[in-house]
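Report on one structure; see the data block that follows.
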Amino acid sequence: MAGGRRGPLLTALLAAWLIAATSEADPEQAALPEERSLVLPMTASNWTLVMEGEWMLKFYAPWCPSCQQTDSEWETFAKNGEILHINVGKVDVIQEPGLSGRFFVTTLPAFFHAKDGIFRRYRGPGIYEDLQNYILEKKWQSVEPLTGWKSPASLAMSGMAGLFSMSGKIWHLHNYFTVTLGIPAWCSYAIFIIATLIFGLLMGLVLVLISECFYMPFPRRLSESSEQSRRSEEAHRAELLQDAEEEKDDSNEEENKDSLGDDEEEKEDLGDEDEAEEEEEEDSPTTGVDEEQSDTQDQGSPREAQEEVEPDETKEDIPEQPRSTDTELAEDTLRQRKSQHANPGP
């Protein structure tokens with residue numbers, strides 16, 4: 001009986017001891033996750049905090065092994081941030097693709113130093129000692145800052161951030177289609193292609209409506225002025241062509257007149273020559289007749305003189321045929337000259 005009673009008592013004591021031991025261990029286990037991390041997560045809404053003071057930023061991805069190896073070192077560096085007078089932050093590129101585009105992050109992990117809005121790329125190892133020396137010794141002063149369009153606060157990097165954030169949303173949507181809904185990948189691509197075409201058409205329609213509503217008067221004035229200028233240019237060209245044609249006509253008329261004058265002079269010269277030849281021909285038969293008469297008188301017999309004159313006349317009648325043709329030619333030339341003087345050509 002006594003042994004049977006002691007058994008349940010021992011089990012109850014053992015259970016009470018176990019409960020007490022677990023209650024003492026639970027507060028220690030519960031205190032571990034309550035330890036607050038001093039690394040500030042940066043998002044698109046609070047990233048402007050790095051524009052003031054001194055900061056060190058780390059860009060990482062949860063799936064990156066190199067990023068996971070530097071997590072403990074980064075936490076230690078953040079705990080000593082108060083001693084170093086520096087703020088420590090981190091950016092998840094999966095959750096914040098816009099910030100990765102703003103800083104143009106191409107490799108992981110990526111570290112950046114910021115001092116009063118001036119950013120520099122830290123390319124050393126992510127070890128606590130190196131990070132501490134980088135701040136204490138001010139090695140960042142020897143690093144070329146990101147200025148101009150490369151600065152994360154510039155307008156160009158703001159546009160880059162918008163593109164990266166849009167691509168991140170598209171990627172999340174693609175994962176939703178393929179993983180959650182179970183749609184094939186090619187169907188998801190087809191959906192994005194069709195959506196892109198529709199979006200482009202709608203944007204083009206909106207731009208056309210805006211241009212029609214707000215910018216219509218300005219193009220009309222331009223078109224009217226352009227038409228007037230075009231017409232004036234055409235009229236000017238037509239005038240130039242007309243002037244050129246008139247000059248050509250005048251030059252042709254002058255050339256024709258010159259040629260006609262030369263022809264008339266030549267014809268006059270020819271006429272003068274023909275007249276001189278006719279006068280010479282008219283003088284030549286009279287001299288021949290006088291000589292014949294003198295010869296007949298010397299001989300004394302009129303019959304013999306007649307016989308001698310007849311053959312001479314026949315001889316002289318033979319060259320009279322070309323004389324008549326020459327005279328005709330001279331008369332024709334004179335007639336042509338008179339007709340040209342009466343009716344001068346154009």
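Numbering starts at 1 and runs along the sequence shown. When reading the values below, keep in mind they use all heavy atoms of this one structure, side chains included, and skip hydrogens, waters and symmetry mates.
For the side chain to side chain contact (heavy atoms under 4.5 Å, CB included) test, residues two or more places apart in sequence or in another chain that qualify with Asn87 are Trp55. Remark: Ile198 engages Ile194, Leu202 in a side chain to side chain contact (heavy atoms under 4.5 Å, CB included) (not counting sequence neighbours). Residues satisfying the side chain to side chain contact (heavy atoms under 4.5 Å, CB included) criterion with Glu82, sequence neighbours excluded, are absent altogether.
For residues 105-114, the set of pairs meeting the salt bridge (Lys or Arg N to Asp or Glu O under 4.0 Å) definition, not counting sequence neighbours, is empty. Residue pairs satisfying the ring pair (Phe, Tyr, Trp, His ring centres under 6.0 Å) criterion with at least one member in residues 148-188, sequence neighbours excluded, are listed as follows: His174-Tyr189. Residue pairs meeting the salt bridge (Lys or Arg N to Asp or Glu O under 4.0 Å) criterion with at least one partner in residues 97-121, sequence neighbours excluded, are Glu54-Lys115.
The shortest non-hydrogen separation linking Ala78 to Leu38 is O-CD1, 3.7 Å. Residues Pro41 and Asn46 come closest through the heavy atom pair O-ND2, 3.3 Å. Residues Leu84 and Ile135 approach most closely at O-CG2, 4.2 Å, considering heavy atoms.
Of the possible polar contacts, none joining the Glu96 side chain to the Met42 backbone as a donor-acceptor pair under 3.5 Å is found. For the pair Lys58 (side chain) and Cys67 (backbone), a donor-acceptor distance under 3.5 Å is present. With hydrogens and angles ignored, the 3.5 Å screen pairs a side-chain donor or acceptor of Ser211 with a backbone N or O of Val208. At distances below 3.5 Å, not a single donor-acceptor pair connects side-chain atoms of Ser188 with backbone N or O atoms of Pro184. Put simply, the side chain of Asn133 gets close to the backbone of Glu129: a donor and an acceptor are under 3.5 Å apart.
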Could you walk me through whether Leu99 and Val91 pass the side chain to side chain contact (heavy atoms under 4.5 Å, CB included) check? CA-CA 8 Å; Leu99 286 179; Val91 180; 3.9 Å; yes

Do Leu201 and Leu205 pass the side chain to side chain contact (heavy atoms under 4.5 Å, CB included) test, and can you show the C-alpha distance, the side-chain angles, and the key distance before you say yes or no? CA-CA 6 Å; Leu201 292 174; Leu205 180 61; over 6 Å; no

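Glu75 and Lys79 are not joined by a salt bridge, as no carboxylate oxygen comes within less than 4.0 angstrom of a charged side-chain nitrogen.
Here the side chains of Val39 and Phe77 are not in contact, with every heavy-atom distance at 4.5 Å or above. Phe104 has its side chain within reach of Met160: a pair of non-hydrogen atoms, C-beta onward, lies under 4.5 Å apart.
When each of Phe103, Phe112, Trp140 is tested with Phe119 by the rule ring pair (Phe, Tyr, Trp, His ring centres under 6.0 Å), just one qualifies, namely Phe103. Tested against Trp74 for a ring pair (Phe, Tyr, Trp, His ring centres under 6.0 Å), the candidates Phe59, Tyr60, Phe111, Tyr128 yield a single pass: Phe111.
Placement of Met166 and Phe199 in two distinct hydrophobic clusters is found when ILVMFWY residues are connected by side-chain heavy-atom separations under 4.5 Å, directly or transitively.
To the nearest 0.5 Å, atom CG of residue Asp92 and atom CD1 of residue Ile94 are 6.0 Å apart. The CG atom of Leu108 sits 10.0 Å away from atom OG1 of Thr70, with the distance rounded to the nearest 0.5 Å. Residue Thr43 holds its OG1 atom at 9.0 Å from CG of Leu49, rounded to the nearest 0.5 Å. From His236, atom NE2 reaches atom CD of Glu239 across 7.5 Å, with rounding to the nearest 0.5 Å. With rounding to the nearest 0.5 Å, the separation of CD in Gln242 from CD in Glu246 is 5.0 Å. Atom CD1 of Ile86 is separated from atom CD of Gln132 by 11.0 Å, given to the nearest 0.5 angstrom.
Heavy-atom contacts from other residues, nucleotides or ligands closer than 6.0 Å to CD of Glu144 number 12 or fewer. More than 12 heavy atoms of other residues, nucleotides or ligands shown are found within 6.0 angstrom of CD on Gln68. More than 12 heavy atoms of other residues, nucleotides or ligands shown are found within 6.0 angstrom of CG on Leu209.
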